[in-house]
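Here's the structure, in structure tokens; my notes come after.
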Amino acid sequence: MDKKRQIQKKSFIKRFMGASEMGILIPLVVISIIIAILNPVFLSMSNIIDVLRNTSFIIIISLGMTFVLIARGLDLSVGSFVALMSLVVGLCMSAGIPVWLSIIITLLAGAVGGAFNALIIVKFNVPSLITTLGTMYMARGLVLILTQGVPIYPLPESFNAIGQESIAGIPYVLIIAVALSILFSFILRKTVYGRMVYALGGNEETARLSGIKVNLIKTAVYIVVTTLSALTGILIASRLGASQPTIGEGYEMKVIASVIIGGTSMSGGSGTILGSILGALFMSVITNGMTLVGVSVYWQNFVVGFIIILAVIIDQSKRRIKGAN
């Protein structure tokens, strides 16, 4: 019996160490230790909560982006949709619409944005890179047209409480991010829809021949990611107590970097929700750590860009090795 337990233990350790997420978990732990040594403030409860809260916004969008990349797509419009949807919820509440209804309207508006992206990609066969690059500028342009660069405030206190208050010291935003992460991980790993997303990203023609409604799956992933972007816009506006036109700037790169660093391939067909979460944490820890040790913000951007390139190089190298085998 003891020998059997030892074999099971070794098998568990082997599976654990061989998990795809270990490629980002180990560097995350090592970098966290180094930063904590350089500046012990990193491990203070207030800093940890701040890091987790800020990471939650990226994680929520990353959940949808994971589906998009696994399906061999791309969405550059998410940051602009964050800004546009934060504006929509602010305008709705300023017009006297109840908070709960304003949130629902905004989420539906986000879904419509995703459907528009999918329509261009699916019906007109325009590459996702070009389509979402266009809608990125369109959405950001609408924000500036509607606001003239002026924030919308004040927002109702009941709305602001969503982004500013907490339960037992845990921000509502973090709780929402964790709940959604569990839900989307289950969908991706345990449902027929999740398997179809993997199949689509692995080989679109094979997926079509096997009876999968390819266009429907594509449409769904783009609707999901923009709806989650809308939710993020709502939460950030709630956190700030205002709908600001600059909200979401640079989020598209942060989200895509997080998902790729977490092990999701840009070539489609592989990736996990846990990996994307760890990727988002890695990016936040790097940024927070550089700030704590006094690294210039200019160098921070350089480091983030370098990490993105390195992650893509590693992804492509893995693909070549698998192809060779």
Side-chain angles (χ1 to χ4, degrees), residues 21 24-25 28-29 31-32 35-36 41-67 78-79 81-83 85-86 89 99-100 103 106-107 110 155-189 224-244 247-248 250-252 254-259 261-262 264 272-289 291-292:
E21 293 82 7
I24 185 61
L25 179 59
L28 175 61
V29 172
I31 289 174
S32 297
I35 295 172
V41 172
F42 176 75
L43 293 180
S44 67
M45 186 55 65
S46 61
N47 186 64
I48 290 173
I49 291 297
D50 283 342
V51 170
L52 292 176
R53 180 190 285 113
N54 294 332
T55 307
S56 295
F57 299 123
I58 300 297
I59 286 175
I60 291 171
I61 310 174
S62 295
L63 300 176
M65 190 64 76
T66 302
F67 278 71
V78 291
F81 271 108
V82 168
M85 294 306 120
S86 73
V89 75
V99 171
W100 66 270
I103 291 174
T106 304
L107 292 175
L155 301 180
E157 288 300 320
S158 59
F159 174 74
N160 295 341
I162 300 172
Q164 297 174 5
E165 295 188 3
S166 59
I167 299 176
I170 303 174
Y172 289 147
V173 174
L174 179 57
I175 294 172
I176 292 171
V178 170
L180 287 174
S181 297
I182 294 171
L183 173 62
F184 278 84
S185 181
F186 175 81
I187 293 172
L188 189 59
R189 294 171 58 245
V224 166
V225 74
T226 51
T227 303
L228 290 174
S229 298
L231 175 60
T232 302
I234 292 168
L235 293 173
I236 295 177
S238 175
R239 171 68 178 162
L240 298 176
S243 297
Q244 297 185 0
I247 285 175
Y251 266 44
E252 53 280 329
K254 291 180 181 178
V255 169
I256 293 170
S258 298
V259 176
I261 289 170
T264 299
T272 65
I273 294 297
L274 178 58
S276 296
I277 294 170
L278 292 174
L281 281 171
F282 181 83
M283 295 290 290
S284 294
V285 166
I286 287 286
T287 303
N288 180 258
T291 300
L292 290 177

Rounded to the nearest 0.5 Å, how far apart are CD1 of Ile58 and CE of Met65?
-> 10.0 Å
Do Ile273 and Leu63 come within less than 4.5 Å of each other through their side chains, counting heavy atoms only?
-> yes
State, with a plain yes or no, whether a side-chain heavy atom of Ile261 is found less than 4.5 Å away from one of Met283.
-> yes
Check: Ser62 and Ile277 side chains under 4.5 Å, non-hydrogen atoms | no
What is the distance from atom CG of Asn47 to atom CG of Leu52, rounded to the nearest 0.5 Å?
-> 9.5 Å
Kindly determine whether Phe282 and Ile31 satisfy side chain to side chain contact (heavy atoms under 4.5 Å, CB included), including the steps that lead there.
-> CA-CA 9 Å; Phe282 181 83; Ile31 289 174; 3.3 Å; yes
For residues Val285 and Ser32, report the shortest heavy-atom separation together with the two atoms involved.
-> CG1-OG, 3.8 Å
Could you please spell out the steps behind the side chain to side chain contact (heavy atoms under 4.5 Å, CB included) verdict for Ser185 and Leu274?
-> CA-CA 7 Å; Ser185 181; Leu274 178 58; over 6 Å; no
Heavy-atom distance under 4.5 Å between the side chains of Phe184 and Leu228, does that happen here?
-> yes
Side-chain touch Ile234/Met85, heavy atoms, less than 4.5 angstrom | no
Identify the heavy atoms of Ser229 and Phe81 that sit nearest to each other, and give their distance.
-> CB-CB, 4.1 Å
Which heavy atom of Ala177 sits nearest a heavy atom of Ser181, and at what distance?
-> O-OG, 2.7 Å
Leu240/Ile247 under side chain to side chain contact (heavy atoms under 4.5 Å, CB included): CA gap, chis, key distance, verdict | CA-CA 10 Å; Leu240 298 176; Ile247 285 175; 4.0 Å; yes
How long is the gap from OG on Ser46 to CD1 on Ile48, to the nearest 0.5 Å?
-> 8.5 Å
Among Ile175, Ile59, Ile60, find the one that has a side chain to side chain contact (heavy atoms under 4.5 Å, CB included) with Leu180.
-> Ile60
Is Ser86 close to Ile236 at the side-chain level, that is, under 4.5 Å between some pair of heavy atoms?
-> no
Taking every heavy atom of Gly289 against every heavy atom of Ile35, the minimum-distance pair comes out as CA-CD1, 3.5 Å
Any side-chain donor near an acceptor of the partner, Thr66 and Ser276, under 3.5 Å | yes
Validation row: Asn288, Asn54 side chains within 4.5 angstrom (heavy atoms) = no
Atom pair CG/CD1 of Leu231 and Ile61 - distance to nearest 0.5 Å | 9.0 Å
Measure the CZ-CD1 distance between Phe57 and Ile176 for me, rounded to the nearest 0.5 Å.
-> 9.0 Å
Just wondering, do Leu174 and Arg53 contact through their side chains at under 4.5 Å, heavy atoms?
-> no
Non-hydrogen atoms of Ala237 and Val89 that approach each other most closely | CB-CG1, 4.5 Å
Atom of Val173, atom of Ser56 and distance for their closest heavy-atom approach = CG1-CB, 3.5 Å
Could you give me the CA-CA distance, side-chain angles and deciding distance for Val225 and Phe67, then say whether side chain to side chain contact (heavy atoms under 4.5 Å, CB included) is met?
-> CA-CA 8 Å; Val225 74; Phe67 278 71; over 6 Å; no
What distance separates Ile162 CD1 from Arg239 CZ, expressed to the nearest 0.5 Å?
-> 13.5 Å
